[in-house]
Enquirer: 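I am attaching a structure below and will ask some questions about it afterwards.
No experiment lies behind these values; they were computed from the predicted model shown.
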Amino acid sequence: GRMKLLRDIADVDLILYNGGYEADIYFTKSRADATRKVASSGGNYDIIVCGGGDGTYNEVITGMLNEKIDIPVGYIPAGTTNDFATSLNLSPVHKIAAQRITMGDPYKLDVGRFQDKYFSYIASFGAFTSASYNANQKAKNTLGHTAYILEGIKDISSLKPYHIKAETDDKVIEGDFIFGAVCNSKSIAGIIKLNDRLV
């Protein structure tokens, strides 16, 4: 529980320190708190390390892009599902993830924008898309990934198709869909698995 979390944070802090980084540790308190914290930092760091789930990571990216902060980001996956982190082959073992941050080479990733919102993992519509937003944090802590599934079941009675026309450089797709997504990972909500050809 809480003691393991504190030990993990201490281990990560030591690894970052030994890798040449002196860490300021900040615990988020509510949704969008990571965006506000990163935006208010003014980019006065050599690197930003996010420990949390895909949603927290996305908040960090949003804060950086909103303020045009251009520094590397390290990601230590500690969320419920971690689809995005899994697609990047990031280690769920916090100490290993921290070591890779200090020793690895940075690489660029795509970030999407939907109107004025950024996304590093997914933008979606239709069936089950509200589950990730509506799943209670206490339920996620207790039930893990099952909390998303139970929340998604609530959507079944209200499913309706959306008429969508999507254009790419070489293709037009049009039809009625109950779900659609643009994603930057090989799985969605830990359930839908995409093969490499589609990613």
Enquirer: Less than 4.5 Å apart, side chain to side chain, heavy atoms only: is that true for K165 and V172?
Expert: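 Counting from C-beta outward, K165 and V172 do come under 4.5 Å.
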Enquirer: Write down the atom of S120, the atom of N58, and the distance for their closest heavy-atom approach.
Expert: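 Minimum heavy-atom contact is N-OD1, 2.7 Å.
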Enquirer: If you compare all heavy atoms of H94 against all heavy atoms of P77, which two are closest, and at what distance to 0.1 Å?
Expert: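 That closest heavy-atom pairing would be NE2-O, 3.5 Å.
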Enquirer: Taking the inter-plane angle between the rings of Y57 and F84 on a 0 to 90° scale, is it parallel (under 30°), tilted (30 to 60°) or perpendicular (over 60°)?
Expert: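 Tilted: the ring planes of Y57 and F84 meet at 30° to 60°.
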Enquirer: Looking just at side-chain N and O atoms, do D24 and Y45 make a donor-acceptor pair shorter than 3.5 Å?
Expert: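 Result is yes, a qualifying pair exists.
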Enquirer: Test salt bridge (charged side-chain N to carboxylate O under 4.0 Å, His left out) on R7 and D11; report intermediate values, then the result.
Expert: CA-CA 6 Å; R7 280 194 305 272; D11 289 342; over 6 Å; no
Enquirer: Is it possible for you to say whether L16 and V38 belong to one hydrophobic cluster, with membership spreading through side-chain heavy-atom contacts below 4.5 Å?
Expert: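 Different clusters: L16 never reaches V38 through Ile, Leu, Val, Met, Phe, Trp or Tyr contacts under 4.5 Å.
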Enquirer: Which side-chain N or O atoms in residues 97-112 pair as donor and acceptor under 3.5 Å with protein atoms at least two apart or in another chain?
Expert:
unit_1	atom_1	unit_2	atom_2	d
R100	NH1	N89	O	3.3
T102	OG1	Q99	O	2.9

Enquirer: Just to verify, what does D33 make a side chain to side chain contact (heavy atoms under 4.5 Å, CB included) with, not counting sequence neighbours?
Expert: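 With sequence neighbours excluded, D33 shows a side chain to side chain contact (heavy atoms under 4.5 Å, CB included) to Y26, T28, K29, S30, R36, given in chain and number order.
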Enquirer: Do Y21 and V49 have side chains that get closer than 4.5 Å, going by heavy atoms?
Expert: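 No, their side chains stay 4.5 Å or more apart.
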Enquirer: Do F114 and V182 sit in one hydrophobic cluster, given that two such residues count as connected whenever their side-chain heavy atoms are within less than 4.5 Å of each other, even indirectly?
Expert: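 Result: yes, single cluster for both.
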Enquirer: Do F119 and I61 have side chains that approach each other closer than 4.5 Å (heavy atoms only, starting at C-beta)?
Expert: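 When only atoms from C-beta onward are counted, I61 and F119 do not touch, as no gap falls below 4.5 Å.
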Enquirer: For the atom pair CZ (R113) and OG1 (T62), what is the distance rounded to the nearest 0.5 Å?
Expert: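 Here the rounded value is 12.0 Å.
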Enquirer: Kindly check if the number of other-residue, nucleotide or ligand heavy atoms within 6.0 Å of CD (E22) is above 12?
Expert: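 No, because the 6.0 Å sphere around CD of E22 holds 12 heavy atoms or fewer from other groups.
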Enquirer: Can V60 be reached from L90 by stepping across I, L, V, M, F, W or Y side chains whose heavy atoms are under 4.5 Å apart?
Expert: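 Same cluster.
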Enquirer: Nearest heavy-atom pair of I47 and P72: which atoms, and what distance?
Expert: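 So the two residues come closest at CG1-O, 3.3 Å.
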Enquirer: What I'd like to find out is whether the side chain of F27 reaches to under 4.5 Å of the side chain of I25, using heavy atoms alone.
Expert: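 Yes - at least one pair of side-chain heavy atoms lies under 4.5 Å apart.
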Enquirer: For D170, what residues pass the side chain to side chain contact (heavy atoms under 4.5 Å, CB included) criterion, not counting sequence neighbours?
Expert: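 D170 satisfies side chain to side chain contact (heavy atoms under 4.5 Å, CB included) with T168 only.
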Enquirer: Transitively linked via ILVMFWY side-chain contacts under 4.5 Å: I76 with I48?
Expert: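 Hydrophobic grouping puts I76 apart from I48.
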Enquirer: Does any non-hydrogen side-chain atom of M64 lie less than 4.5 Å from one of I71?
Expert: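 With C-beta onward as the side chain, the pair touches.
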Enquirer: Evaluate the side-chain proximity of E59 to R31: yes if any heavy-atom separation is below 4.5 Å, no if none is.
Expert: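 Yes, at least one pair of side-chain atoms sits under 4.5 Å.
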Enquirer: Counting C-beta onward and ignoring hydrogens, is there a side-chain heavy-atom pair between E174 and I164 closer than 4.5 Å?
Expert: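 Not in contact.
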Enquirer: Would you kindly confirm whether I96 and L88 end up in one hydrophobic cluster when ILVMFWY residues are joined by side chain heavy atoms under 4.5 Å apart?
Expert: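 Looking at the clustering, L88 is in a separate group from I96.
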Enquirer: Evaluate whether atom CG of D176 has more than 12 neighbouring non-hydrogen atoms of other residues, nucleotides or ligands under 6.0 angstrom away.
Expert: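 Yes, CG of D176 has more than 12 neighbouring heavy atoms, counting only those of other groups under 6.0 Å.
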Enquirer: Under 3.5 Å, side chain of N66 to main-chain N/O of G63, donor-acceptor pair present?
Expert: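 No; judged by distance alone, with no hydrogens or angles, the pair does not exist.
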